[in-house]
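Below: the structure, in structure tokens.
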Amino acid sequence: MNKRNLCLMIQFGCNRLLVAILFIALFACNSDNSKYNAFTPGELWLDDTNEHINAHGGGFLYHNDTYYWFGEHKGSGKDGSRAFVGVRVYSSKDLYNWKNEGVALQVVKDTLSKLQEGCTIERPKVIYNETTNKFVMWFHHELKGEKYKAALTGVAVSDHITGPYQYIDSFRIHAGVLPLNMSQEEFDSIPEINENQKLTKQIRIDQAKSGELFKRDFYGGQMSRDMTVYVDDDGTAYHITASEENQTMLISKLSDDYLSLSGEYIRILPGERNEAPAILKKNEKYYMFTSDLTGWDPNPARLSVADAIMGEWALLGNPCVGTEEQVNTTFWSQSTYIIPVQGKKDAFIFTADRWKPENHIDGRYIWLPVKFKNNIPYLEWADRWDLSVFD
């Protein structure tokens with residue numbers, strides 16, 4: 001082969017290599033995680049692997065300039081709401097685009113474990129303890145095959161924010177402990193519950209208001225279902241949960257290491273039927289979004305306010321504005337968490353799930369900016385919006 005032909009072949013090979021490199025680079029750009037620059041509530045939301053984000057009933061933690069989204073991994077079919085994977089975690093720098101970081105808390109095959117495959121894990125929330133440098137996960141936990149009978153809260157811990165989290169235990173809360181806002185005399189005056197009467201919605205409400213449900217579960221521990229955790233400005237953490245057959249809310253101070261309940265708690269809004277709590281703080285007032293009880297079906301949201309998180313709470317009504325259908329269904333969703341937007345004063349995102357019980361894995365996310373009128377939070381629909389609304 002002469003030198004001229006050899007040079008032509010080398011040049012041809014180099015050109016093909018250059019084209020291949022350019023193609024790969026172009027593909028990488030098109031596959032870049034930064035494909036979103038706005039929120040479109042109710043639409044499919046793809047992660048960096050082009051899969052719909054699978055983190056339902058989510059909780060959010062901002063750590064080292066990154067947001068982390070923890071949520072229930074849902075499946076398809078009639079068993080789609082049960083835990084066969086566990087709690088998944090995603091990360092984001094901008095809140096629009098999310099990277100799948102894998103499974104933070106994995107269910108196990110051990111049939112002797114409460115965390116065995118097929119149990120129910122809901123509303124996982126992770127908080128960071130600056131003293132111990134540990135990440136602590138709390139969640140609502142139901143045992144395999146028992147539907148919603150157990151009503152436990154679970155806790156797990158990790159040295160790393162994305163896990164793996166080490167499961168510690170799940171339990172009923174405050175067994176044998178009176179709340180701060182109930183005296184021994186008040187407890188003694190509560191009548192024993194009549195378990196033989198035919199239950200109605202009003203009877204359940206009355207049982208909560210009278211304290212009968214609380215007294216029924218006093219020695220075995222109070223129920224904990226839909227829950228969240230909140231870390232206040234001073235680093236004190238609180239566990240907020242629906243209890244007493246979802247008729248009443250309990251707010252509990254966590255231990256200094258966040259790994260257990262301190263024993264200090266209050267009982268609020270008895271008989272008001274609240275679940276799906278989400279908390280924000282503005283101007284030294286605490287606001288709590290909740291929902292009514294209608295199973296998987298959406299219903300009107302509620303808003304409550306308190307001057308102290310362990311103080312008196314008052315209902316303010318429905319925080320949604322819009323059409324009758326939007327107001328009565330919370331935009332066809334249920335609250336799960338309020339995200340404080342970093343770097344922006346009094347900027348909060350209301351996050352909610354649009355449940356799809358016929359195919360849980362396809363559940364969509366409803367994120368809306370929290371707006372304020374006379375310092376009271378409210379929500380209104382937006383087909384598309386971005387963080388510039390907080391500027």
Side-chain angles (χ1 to χ4, degrees), residues 54-59 70-89 100-127 129 132 134-177 195 216-229 237 239-246 250 252 254-255 257-263 265 275 357 360-361:
N54 197 340
H56 308 272
F70 298 85
E72 311 158 23
H73 178 104
K74 295 294 191 185
S76 57
K78 62 185 178 72
D79 291 330
S81 66
R82 292 163 59 193
F84 291 98
V85 174
V87 176
R88 192 166 287 281
V89 56
N100 187 343
E101 298 282 1
V103 178
L105 177 67
Q106 179 80 53
V107 294
V108 299
K109 295 185 180 298
D110 182 2
T111 57
L112 298 179
S113 173
K114 297 175 188 174
L115 202 68
Q116 67 173 302
E117 292 179 353
C119 68
T120 298
I121 295 174
E122 294 181 341
R123 298 180 178 269
K125 306 292 185 285
V126 173
I127 50 180
N129 190 295
T132 64
K134 301 286 188 182
F135 298 92
V136 182
M137 178 187 295
W138 287 85
F139 54 94
H140 167 214
H141 191 193
E142 299 288 348
L143 303 180
K144 180 180 180 180
E146 294 191 12
K147 297 184 178 179
Y148 284 87
K149 176 183 177 181
L152 310 176
T153 192
V155 61
V157 65
S158 178
D159 292 325
H160 307 284
I161 191 166
T162 56
Y165 283 75
Q166 178 184 356
Y167 174 60
I168 297 175
D169 196 12
S170 300
F171 47 89
R172 286 282 184 102
I173 63 177
H174 302 306
V177 179
E195 297 282 18
R216 180 198 69 181
D217 295 334
F218 181 68
Y219 294 104
Q222 301 300 325
M223 307 173 82
S224 179
R225 287 183 176 155
D226 279 9
M227 50 71 61
T228 190
V229 288
H239 179 278
I240 300 106
T241 189
S243 190
E244 300 175 27
E245 307 290 354
N246 295 339
L250 301 182
S252 308
L254 294 183
S255 59
D257 61 8
Y258 301 170
L259 293 176
S260 61
L261 304 179
S262 70
Y265 76 106
E275 62 179 6
H360 288 278
I361 197 172

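Small disclaimer: the values here were computed from a predicted structure and weren't measured.
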Subject >> Min side-chain heavy-atom separation K147-T120 under 4.5 Å >> reply: no

**OP:** Fit a plane to each ring of Y265 and H174, take the angle between them on a 0 to 90° scale, and name the class: parallel (under 30°), tilted (30 to 60°) or perpendicular (over 60°).
**Re:** parallel

Subject >> R225 side, atom CZ; T153 side, atom OG1 - distance, nearest 0.5 Å >> reply: 13.0 Å

Original post:
What's the spacing between H160 NE2 and K134 NZ if we round to 0.5 Å?
Top reply: 9.0 Å

**OP:** Please report the shortest heavy-atom distance between D79 and F84, naming the atom on each side.
**Re:** O-CE1, 3.8 Å

Subject >> For S170 against K114, the heavy-atom pair lying closest together >> reply: O-NZ, 2.7 Å

Original post:
Please walk me through it: do V157 and D257 pass side chain to side chain contact (heavy atoms under 4.5 Å, CB included)?
Top reply: CA-CA 11 Å; V157 65; D257 61 8; over 6 Å; no

Original post:
So Q116 and D110, side chain to side chain contact (heavy atoms under 4.5 Å, CB included) or not? Walk me through it.
Top reply: CA-CA 6 Å; Q116 67 173 302; D110 182 2; 5.9 Å; no

Original post:
Any donor and acceptor pair, going by atom type alone, linking the side chain of S255 with main-chain N or O of S260 inside 3.5 Å?
Top reply: yes

Original post:
How far apart are the closest heavy atoms of G86 and V107, and which atoms are they?
Top reply: CA-CG1, 4.1 Å

Original post:
In Å and rounded to the nearest 0.5 Å, what is the OH to CD1 distance from Y167 to I121?
Top reply: 8.5 Å

Original post:
Heavy atoms, side chains only, cut-off 4.5 Å: are R172 and Q222 in contact?
Top reply: no

Subject >> Closest non-hydrogen atom pair, H56 against K74 >> reply: CD2-CG, 3.1 Å

Subject >> Atom pair OG (S252) and CG (L261), whose distance is rounded to the nearest 0.5 Å >> reply: 5.5 Å

**OP:** For residues W138 and Y258, report the shortest heavy-atom separation together with the two atoms involved.
**Re:** NE1-O, 3.0 Å

Original post:
Salt bridge or not for E275 and R123, using N-O below 4.0 Å?
Top reply: no

**OP:** Kindly determine whether S158 and M137 satisfy side chain to side chain contact (heavy atoms under 4.5 Å, CB included), including the steps that lead there.
**Re:** CA-CA 8 Å; S158 178; M137 178 187 295; over 6 Å; no

Subject >> Euclidean distance, S113 OG relative to L143 CG, rounded to 0.5 Å >> reply: 9.5 Å

Subject >> Verdict with supporting geometry, E72 and V87, side chain to side chain contact (heavy atoms under 4.5 Å, CB included) >> reply: CA-CA 5 Å; E72 311 158 23; V87 176; over 6 Å; no

Subject >> Over 12 foreign heavy atoms within 6.0 Å of CD, E146 >> reply: yes

Subject >> Contact check, side chains of F139 and Y165, non-hydrogen atoms, under 4.5 Å >> reply: no

Original post:
Can you check whether H73 reaches V103 side chain to side chain, under 4.5 Å on heavy atoms?
Top reply: no

Subject >> pair I127-L254: side-chain heavy atoms closer than 4.5 Å >> reply: yes

Original post:
By side chain to side chain contact (heavy atoms under 4.5 Å, CB included), which residues pair with N100, not counting sequence neighbours?
Top reply: D47, D48, R88, Y90

Original post:
Per the side chain to side chain donor-acceptor pair (under 3.5 Å) rule, which among E245, E122, H140, E142 passes with Y148?
Top reply: E122

Subject >> Closest non-hydrogen atom pair, V177 against G263 >> reply: CG1-O, 3.6 Å

**OP:** Flag the pair K144 / R82 as yes when at least one side-chain heavy-atom distance between them is below 4.5 Å, and no otherwise.
**Re:** yes

Subject >> Interatomic spacing from CD in E195 to CZ in R216 - rounded to 0.5 Å >> reply: 5.5 Å

